[in-house]
Protein chains: 2
Amino acid sequence: MATSLHAHVVEHLGSRIVNGQIPRGSIILAAELEAKLQVSRSVIREAVRVLAQCGLVTSTKRVGIRVLGPEEWNPYDTQVIRWRLASEQRGAQLRSLTELRISVEPMAAELAAEFAPEAMRKELLLISAQMNHYGRQGDLRRFLELDIRFHCLVLAASGNEMFANLATPIAAILRGRTELGLMPERPHEEALAWHQSVAESISHLDALGARRNMESIMRRTHNEICSLWDGAPRVFVDPNTKK
Amino acid sequence: MATSLHAHVVEHLGSRIVNGQIPRGSIILAAELEAKLQVSRSVIREAVRVLAQCGLVTSTKRVGIRVLGPEEWNPYDTQVIRWRLASEQRGAQLRSLTELRISVEPMAAELAAEFAPEAMRKELLLISAQMNHYGRQGDLRRFLELDIRFHCLVLAASGNEMFANLATPIAAILRGRTELGLMPERPHEEALAWHQSVAESISHLDALGARRNMESIMRRTHNEICSLWDGAPRVFVDPNTKK
DNA sequence: TGACACCAATCTGTGCAGGCATAAAAATAA
DNA sequence: TTATTTTTATGCCTGCACAGATTGGTGTCA
């Protein structure tokens, strides 16, 4: 048993709700769970509290534990993202995250050029140099890890904690992209050059240049992976009716 | 007692941790809480689970409940945002959210122009017309509510659930701005025109126009409220050392 | 003497079982 | 329809046993 009991219950219920095995509107009784999962009430209750925090369920007296629909799920919760990536909503989740990346990273580069501490600027230069090296060599494994470090570092160097916090899901996207074989055999020269230009612009406090070059990276990234989700339907929730 | 017991404990501890009354690294014992807050273990434990989910604490055997630092807090959790807005980090929180808005809303407008359902396009036109009306009249209360509906609807019309989910904190920003008297007596003509242009561009499926006009709104918005946080220090967390 | 590995005591969260209180849905009566 | 009672599942409390991490002591060896 790797982790705690209640974490298992969270995982069990959360993954099933997100992938649709337990549809929206279902009513679960704590007593049923107690019997089915062979755990005590306290474990169930703590798990339900956590799931309620992610917006997956609500628990009300006399009715039980009601499963909520996707509009209520917290799309920034790391567990919810993980579960969605492992479900049929994988495409929609990748699209949302990528669109968010495309929006945020150019701004992050701009802010990094303005505010990043010296050490981070230097590290970005170093990483981009290594990306050039291993990229030209065709060492995709090393390149991937450097790519992840690069983008996460730009996000952190923006000094915006909301940006920095996107590091984990963005790393997941980048890993997924190479695992799925969506990367070319060796990175394009342009892409290498853009990464280096971003690092140099940030080093030279050139906010506009940093933004422009990051935008170029984002455009190419988008083109490379948007095929993953052409099927996935978009979800429109009218904010008036929601609450 | 308005809400549930454990929600009170979450509120009590969460607000105190975020505003610094309980500093990073503090060790809290469940038994102490039980005595101090006069609630039972089960309540404490469920509250701690929720707080752990937000990244405010970790709970380990033999040591107790350890309070974590701001790098660990989930900056997208609505409660964390609320607590931060009510604390001395208010400026930093406003800045983060505004930078995120500036990044996201132009893209949201672009996507809305491409994908929004007809009903939402029409409603945007309606709202922008009403904004013109009440704006010119100087009815700031009505204007504020329309402004909120407008921006939240654009986010929803993007069909990106991560964008749509930013509605609540963005509404909080907009409300805060007028409550603090940062709005001019009556909205600028330019701002009214830009909102209308966004709505029209989206109606005409003009993605680029929607983006450009929304960018104009964002630029002005930023200039109007960036004075709120010139003091607040940026936080840079090296992603390598974090974990 | 001092460094290091090993073991036992202790402390605190984790999980279990069962009890009563309470709120809200459903059934019943007016 | 409206008001009242009944039903029932969660909310909350408590006592107990267990697991695992820290701490300190013990013994061995250099």
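Note on naming: letters A, B, ... go to the chains in the order of the sequence lines (proteins, then strands), and numbering restarts at 1 for each one.
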H6(A) has a side chain; which of dT10(D), dC13(D), dG15(C) sits nearest to it? dG15(C)

Provide, to the nearest angstrom, the distance between the CG atom belonging to L37(B) and the C1' atom belonging to dC12(D). 15 Å

To the nearest Å, how far apart are R41(B) CZ and dA17(C) P? 15 Å

Decide, yes or no, whether a salt bridge links E32(A) with K36(A) under the criterion of side-chain N to carboxylate O below 4.0 Å. no

Is there a donor-acceptor pair under 3.5 Å between the side chain of R234(B) and the backbone N or O of F115(A)? no

Is it the case that the side chain of R121(B) and the backbone of A116(B) share a donor-acceptor pair, with hydrogens and angles ignored and the cut-off at 3.5 Å? yes

When rounded to the nearest 0.5 Å, the distance separating CD of E123(B) from OG of S128(B) is 11.0 Å

Contact list (N/O, under 3.5 angstrom) for nucleotides 4-8 of chain D vs protein:
residue : atom : partner : partner atom : Å
dT7(D)  : O2   : R62(A)  : NH1          : 2.7
dT8(D)  : O4'  : R62(A)  : NH1          : 3.4

Distance check, rounded to the nearest 0.5 Å: M131(A) atom CE versus L144(A) atom CG? 9.5 Å

Has the side chain of R45(B) got a donor or acceptor that lies under 3.5 Å from a partner of the other kind on the base of dG15(C)? yes

With a 4.5 Å heavy-atom cut-off, do V50(A) and V9(A) have their side chains touching? no

How about CZ on R66(A), more than 12 heavy atoms from neighbouring residues, nucleotides or ligands closer than 6.0 Å, or not? no

Between V39(A) and V63(A), just flag the one whose closest nucleotide in DNA chain C comes earlier from the 5' side. V39(A)

Please work out which residues in residues 25-36 of chain B have a non-hydrogen atom less than 4.0 Å from an atom of DNA chain C and list them by number. I28(B), L29(B), A30(B)

Please say whether more than 12 non-hydrogen atoms of neighbouring residues, nucleotides or ligands are located less than 6.0 Å from CD in E88(A). no

Near DNA chain D, which residues from residues 49-61 of chain B have a heavy atom under 4.0 Å away? K61(B)

In this structure, how many angstroms lie between the C1' atom of dT12(C) and the CD1 atom of I65(B), rounded? 10 Å

Gap between atoms CZ and P, on R66(A) and dA9(D) respectively (whole Å): 14 Å

Output the rounded distance in Å from CD (E46(A)) to C1' (dC12(D)). 13 Å

Residue pair I81(A) / Q93(A), side-chain heavy-atom distance below 4.5 Å: yes

In whole Å, I'd like the distance from the CD1 atom of I44(B) to the C1' atom of dT14(D). 14 Å

Go through the steps for Q53(B) and D77(B) under the test side-chain hydrogen bond (donor to acceptor under 3.5 Å, both in side chains), then give the verdict. CA-CA 9 Å; Q53(B) 180 76 1; D77(B) 184 279; over 6 Å; no

Under 3.5 Å, is there a donor-acceptor pair between the side chain of R41(A) and the main chain of E34(A)? no

